[in-house]
Amino acid sequence: MPDHAIIIDTDPGIDDAVAIFTALASPEIEVLGLTTVGGNVPVAQTTRNGRAIVALAGRHAVPVLQGCGRPLILDPQTAETVHGSDGLADLDLAVPDGPAAAAHAVDWIVETVAGRPAGSVTLCALGPLTNVAAALVRAPDLAERLAGIVLMGGSVFVGGNTTAVAEFNMAVDPHAADIVFRSGAALTMVPLDCTHKALMTNRWIEQIDRLGTPVGHAVAAMLRFYQRFDMERYAFAGGPLHDPNVIAYLLKPDLYAVRRCHVAVEITSPLTRGMTVTDWWGRFAGAPNCGVVHDVDADGFFDLIAQRLADL
Ligand code: RIB
Ligand code: CA
């Protein structure tokens, strides 16, 4: 019996792909399905990418449901410069024949959670929160039926990667993020403060390549493409591997440090829109609504990801 039944809401996206592979490789996790959202690339492409990823992992039965193609209010913005024009380093991975699943991702999330015991499904959000917000609005009981929402996004002290203060997933759809952080769901946020401590090395990427498997070769090629952007931007020694931290947190929470804080999302000012305003000292806002994951055992994280990818 797996420890976790999860829905992965995602905008693959190279780091999303590594997170999805890791989840699919882990017996502790039952992946109920992927729901795709517009983000790194448009939603039609994130859906193709989701289908290609589950196929490459040999997990063809995992459903992929297409979701929202644009933010609730803002115009879409994408990140092809980081992830490639197809969102997966332009590897042109094979997509299974036939149409994607017919249901809309938002409906599927609501119905899947409603059809399982309360508290048994965790929603892992790796992209902009448009689908998640829409599902919470469509089904007001969803927040309490979920075991929780573990999301990659936000930034507390390290600034933004899309604006001076906003991380991409929050910046793309701050209004959706605001709904999620006000929902009352059991939230865990994995912000840049954590993921900027999970910097890849060429040695680790070569280790993944040496797995000698189709997944290993594809992931290594993706990561070589992906890490150059952040290394140039931040002068980091390696690229931060964001989304797999959500899955690793479920698998080995002891690798992480978490602090309960009140987090609110700025939606009004064009200057700070998408900022995750965090009451770190617990002095100025209401009761904490979120576990903020602010530190990671990076060696333990990369060992875990490599171990799991070796099993695909
Ligand atoms: O800011 C990094 C996040 O935005 C990651 O989830 C990446 O895939 C993009 O969605
Ligand atoms: Ca993502």
Check side chain to side chain contact (heavy atoms under 4.5 Å, CB included) between [X] and all other residues, then give those that pass, not counting sequence neighbours.
| X | answer |
| --- | --- |
| Ala79 | Asn40, Val82, His83, Phe168 |
| Leu199 | Phe236, Pro240 |
| Gln227 | Met200, Asn202, Ile205, Met231 |

Could you see if [X] belongs to whatever hydrophobic cluster contains [Y]? Use Ile, Leu, Val, Met, Phe, Trp, Tyr and a side-chain cutoff under 4.5 Å.
| X | Y | answer |
| --- | --- | --- |
| Val18 | Val150 | yes |
| Phe301 | Val246 | yes |
| Phe21 | Phe225 | yes |
| Leu34 | Leu126 | yes |
| Val110 | Val64 | no |

Under the 3.5 angstrom rule, does the side chain of [X] hit a backbone N or O of [Y] as a donor-acceptor pair?
| X | Y | answer |
| --- | --- | --- |
| Arg59 | Leu24 | yes |
| Ser269 | Thr272 | yes |
| Ser120 | Pro117 | yes |
| Arg70 | Leu74 | yes |
| Asp90 | Ser85 | yes |
| Asp243 | Ala19 | no |
| Asp193 | Val156 | yes |
| Asn49 | Asp86 | yes |
| His4 | Ile6 | no |

Within-4.5 Å side-chain heavy-atom neighbours: [X] and [Y]:
| X | Y | answer |
| --- | --- | --- |
| Val172 | Pro76 | no |
| Asn161 | Leu192 | yes |
| Val43 | Cys68 | no |
| Pro140 | Leu142 | no |
| Leu241 | Leu223 | yes |
| Ile208 | Leu309 | yes |
| Glu266 | Thr276 | no |
| Ile149 | Leu146 | yes |

Would you please test Gln45 and Glu80 for side chain to side chain contact (heavy atoms under 4.5 Å, CB included) and show each step? CA-CA 11 Å; Gln45 188 61 45; Glu80 287 87 351; over 6 Å; no
Which heavy atom of [X] sits nearest a heavy atom of [Y], and at what distance?
| X | Y | result |
| --- | --- | --- |
| Ala306 | Trp204 | CB-NE1, 3.8 Å |
| Ile247 | Cys124 | CD1-SG, 4.3 Å |
| Ala147 | Thr122 | CB-OG1, 3.6 Å |
| Val132 | Ala125 | CG2-CB, 4.2 Å |
| Ser155 | Val158 | OG-CG2, 3.4 Å |
| Val293 | Cys194 | O-CB, 3.2 Å |

Looking at Phe229, I'd like to know if the NZ or CZ of Arg233 sits under 6.0 Å from its six-membered ring centre while staying within 45 degrees of the ring's axis. no
Strictly by modelled atom types, are Arg210 and Gln207 linked by a side-chain donor-acceptor pair under 3.5 Å? no
Give a yes-or-no answer on whether the side chains of Asn245 and Thr195 include a donor-acceptor pair shorter than 3.5 Å. no
Criterion side-chain contact (heavy atoms from CB on, under 4.5 Å) against Leu88, the qualifying member of Thr46, Ile53, Leu56: Ile53
Determine the sole option in Val263, Leu187, Val258 for which the side-chain contact (heavy atoms from CB on, under 4.5 Å) test with Val292 is passed. Val263
State the [atom1]-[atom2] distance between [X] and [Y], to the nearest 0.5 angstrom.
| X | Y | atom1 | atom2 | answer |
| --- | --- | --- | --- | --- |
| Ile305 | Thr22 | CD1 | OG1 | 3.5 Å |
| Asp209 | His217 | CG | NE2 | 5.5 Å |
| Met170 | Met275 | CE | CE | 13.0 Å |
| Asn289 | Met189 | CG | CE | 9.0 Å |
| Ser26 | Leu304 | OG | CG | 6.5 Å |
| Thr278 | Arg259 | OG1 | CZ | 10.5 Å |

Contact list for [range], test ring-ring contact (aromatic ring centres under 6.0 Å, His included), sequence neighbours left out:
| range | value |
| --- | --- |
| residues 113-150 | none |
| residues 130-155 | none |
| residues 253-290 | Phe157-Trp280, Tyr249-Tyr256, Trp280-His294 |

Thinking salt bridges, do [X] and [Y] make one under a 4.0 Å N-O criterion?
| X | Y | value |
| --- | --- | --- |
| Asp178 | Arg182 | yes |
| Arg308 | Glu28 | yes |
| Arg116 | Glu30 | yes |
| Lys252 | Asp297 | no |

Would you mind telling me which of Asp11, Asp9, Asp173 makes a side-chain hydrogen bond (donor to acceptor under 3.5 Å, both in side chains) with Thr130? Asp173
Worked verdict on Ile20 versus Ile8 for side chain to side chain contact (heavy atoms under 4.5 Å, CB included): CA-CA 8 Å; Ile20 296 163; Ile8 303 177; 4.3 Å; yes
Start with the C-alpha gap between Leu136 and Ser183, add the side-chain angles, then the distance that decides, and say whether side chain to side chain contact (heavy atoms under 4.5 Å, CB included) holds. CA-CA 7 Å; Leu136 289 165; Ser183 69; 3.8 Å; yes
Run the numbers on His242 and Asp230 for side chain to side chain contact (heavy atoms under 4.5 Å, CB included), then give the verdict. CA-CA 11 Å; His242 303 291; Asp230 282 316; 4.2 Å; yes
